[in-house]
2 protein chains.
Amino acid sequence: MRSRRPTTFQIAVDLVILTVRDARLAVLLIERGNDPYRGQLALPGGFLRDGEDLPDAAERELREETGLHGLSPHLEQVGSYATPGRDPRGAIASVAYLAILPDLPVPVAGTDAAAAGWYAIDTRPLAFDHDRILRDAVERARTRLENTPLAAAFCREPFTIGDLRAVYEAVWGVPLDPRNFHRKVTGLSGFVTSTGETRHPPTGRPANLYRRGPAATLYPPLQRPNAASPPTV
Amino acid sequence: MRSRRPTTFQIAVDLVILTVRDARLAVLLIERGNDPYRGQLALPGGFLRDGEDLPDAAERELREETGLHGLSPHLEQVGSYATPGRDPRGAIASVAYLAILPDLPVPVAGTDAAAAGWYAIDTRPLAFDHDRILRDAVERARTRLENTPLAAAFCREPFTIGDLRAVYEAVWGVPLDPRNFHRKVTGLSGFVTSTGETRHPPTGRPANLYRRGPAATLYPPLQRPNAASPPTV
DNA sequence: ACAAAAGTGTTAGACGTACACCCATGC
DNA sequence: GCATGGGTGTACGTCTAACACTTTTGT
């Protein structure tokens, strides 16, 4: 029965928007146009509005930031951050969302952003505590690739097994055997479904095309090599 | 550049405190002593205080709710919930934390709680949107057992391999082969470390005793049977 | 002796990895 | 033909699941 009125917060929804560009994992960052941290790079985001739910706010910010509409990319909550002093403006908690997009035409600049663009995921430093948020989100993405068909969300449909493999290699940062990868993915039920079509690479045999399958989880999971300890045996 | 002042929230930190009692997964619930939802079961929790970080608030609530001190149980953030109308008192967002404890003496009643006790994890309905929060946290715990040594946090030290197996069976709800489980766990490096001691069960051969090992993740993971799809082959 | 729980050995099959090999195309 | 990327076959080592069996206690 506390009589003291608890502290109130503004709630920001910040987005870690990832894509794969040029075989590298990339994140959408904005250059801040306002104080605090004016001119520094930061994750795109905005305040939760009155009567709005968190996933709705994340989706709205995503649309505002990227200009895409009608699309329904992967969007999942990563965590919340409320360390005192994390925002010089005062008591502002941040809820971080992870968004996965295929490599798309350039994003637009938001209202609060002087510029927006794709950056390497080890770009530092970022404004606020966004270094940490970005690190947490990337780690989440890496583990999600093991257990869920999330990798397909990085690919524009239809895609080839090679496209999918490129995603795994970019996100995990390790090379994978094309032959074994192909077998594993096509063998997992529900990961990808074949369209009858093929796509012709600049040179080489045409590749079969696929769309995302109905599965929500991968069983058995795709094990990331050297996940914990290198096989020191 | 929005001139309208964004909505402000109070932030509640709610705890999903799990333990294993009588070979069943159990959750600590309180009976609410105040409106709203007076008399209904709810997750323990409280408001984030001025100058307090989220993990600190979770730890403080845990101590207040269970009366334990000096202990450092597993505590991890599960997610945040801010659906409009989720709390009749107004704009209150909730950050949920998952706590894992060994089976302990009865918890104490908190300030806001008429009574606190252990309940089956399928106890319904709970106040607010706590049904959903509980479901999310239990699912998190289940997957954590696969990849981390979290199961040991359910055991008072020192523990036997049989104790540990009982945790897996309770949380996953499936029987495991004692022989293979023993080999797997003792074979994984860093999961458990042997004390030289033994414990005598009511009847049967004495069991070797162990403490939690240094590993933070399990590699390879312990696969939960029938994780995604039953072997419909 | 018997029951009960702990722990070891063994085996058959499933799975992962490595890599040889074939396929289909553009140049 | 040759380079290139796609895809299949195969062999070998490792891991898993199933279960027979031994060990060590209390009664």
Side-chain angles (χ1 to χ4, degrees), chain A residues 23 145-147 155 158-170 172 174-189 191-210 218-233, chain B residues 23 146-147 155 158-169 172 174-189 191-210 218-233:
Chain A
L145 253 55
E146 300 188 55
N147 303 291
C155 298
F159 51 86
T160 70
I161 303 298
D163 294 340
L164 203 56
R165 178 168 49 83
V167 169
Y168 275 91
E169 293 181 330
W172 284 350
V174 296
L176 298 174
D177 185 297
R179 289 85 50 112
N180 293 333
F181 182 85
H182 183 279
R183 223 186 329 243
K184 221 173 206 169
V185 166
T186 53
L188 282 172
S189 87
F191 193 174
V192 295
T193 60
S194 173
T195 79
E197 320 267 302
T198 60
R199 173 191 299 163
H200 289 235
T203 170
R205 170 176 171 177
N208 291 333
L209 289 172
Y210 296 86
L218 301 184
Y219 189 82
L222 276 77
Q223 209 100 297
R224 164 162 48 149
N226 288 351
S229 56
T232 40
V233 187
Chain B
E146 300 187 54
N147 303 290
C155 296
F159 51 86
T160 70
I161 303 297
D163 294 341
L164 202 56
R165 179 168 48 84
V167 169
Y168 276 90
E169 294 181 331
W172 284 352
V174 296
L176 298 175
D177 184 298
R179 288 86 49 108
N180 294 332
F181 182 84
H182 184 280
R183 222 187 330 244
K184 220 173 206 171
V185 167
T186 54
L188 281 173
S189 88
F191 193 174
V192 296
T193 62
S194 173
T195 79
E197 322 265 301
T198 59
R199 174 190 297 164
H200 290 235
T203 170
R205 170 176 174 176
N208 291 332
L209 289 172
Y210 297 85
L218 301 183
Y219 189 82
L222 276 76
Q223 209 100 294
R224 162 161 48 149
N226 289 352
S229 55
T232 39
V233 186

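The chains referred to below are lettered A, B, ... by the order of the sequence lines, with proteins before strands, and numbering in each begins at 1.
Contact annotation: Lys184(A) side-chain N/O to dT17(C) OP1/OP2 distance is under 4.0 Å. Between His182(A) and the phosphate of dG6(D), there is no side-chain N or O to OP1/OP2 separation shorter than 4.0 Å.
Atom pair Tyr219(B):OH and dT14(D):P shows a separation of 14 Å (rounding to whole Å applied). Whole-Å rounding puts the Leu164(B) CG to dA6(C) P distance at 12 Å. Look at CG on Asp163(B): it is 12 Å from C1' on dA5(C), rounded to the nearest Å. One can place CD1 of Ile161(B) at 7 Å from P of dG7(C), the figure rounded to the nearest angstrom. What separates CG of Asp177(A) from P of dG9(D) is a distance of 16 Å, to the nearest Å. Whole-Å rounding puts the Asn180(B) CG to dG9(C) C1' distance at 11 Å. If you measure from atom CG of Asn208(A) to atom P of dG6(D), you get 11 Å, rounded to the nearest angstrom. The interatomic distance linking Glu169(A) (CD) with dG5(D) (P) rounds to 12 Å, in whole Å.
Atom CG of Asn147(B) and atom CG of Leu222(B) lie 9.0 Å apart (nearest 0.5 Å). With values rounded to the nearest 0.5 angstrom, Tyr219(A) atom OH is found 9.5 Å from Arg224(B) atom CZ.
Judged by closest nucleotide on DNA chain D, Thr186(A) is the one of Pro220(B) and Thr186(A) placed further toward the 5' end.
For a distance-only test at 3.5 Å, the side chain of Arg183(B) qualifies as a donor-acceptor partner of the base of dG9(C).
Within the structure, every pair that satisfies the side-chain hydrogen bond (donor to acceptor under 3.5 Å, both in side chains) test and touches residues 178-187 of chain A, not counting sequence neighbours, is listed here: Asp177(A)-Arg179(A), Asn180(A)-Arg183(A).
Arg199(A) places a side-chain N or O within 3.5 Å of a backbone atom of Pro158(A) that can act as its donor or acceptor partner.
Looking only at side-chain heavy atoms (C-beta outward), Pro225(A) and Leu176(A) come within less than 4.5 Å of each other. Residues Thr198(B) and Leu209(B) form no side-chain contact, since every pair of their non-hydrogen atoms from C-beta on lies 4.5 Å or further apart. Within the 4.5 Å cutoff, side-chain heavy atoms of Leu164(A) are placed close to those of Phe191(A).
Within 4.0 Å of Arg165(A), counting heavy atoms only, lie sugar-phosphate atoms of the nucleic acid but no base atom.
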Quiz item: Which letters describe nucleotides 21-27 of chain C, given B = protein heavy atom under 4.0 Å from base, S = only from sugar-phosphate, - = neither?
Solution: B-BBBS-
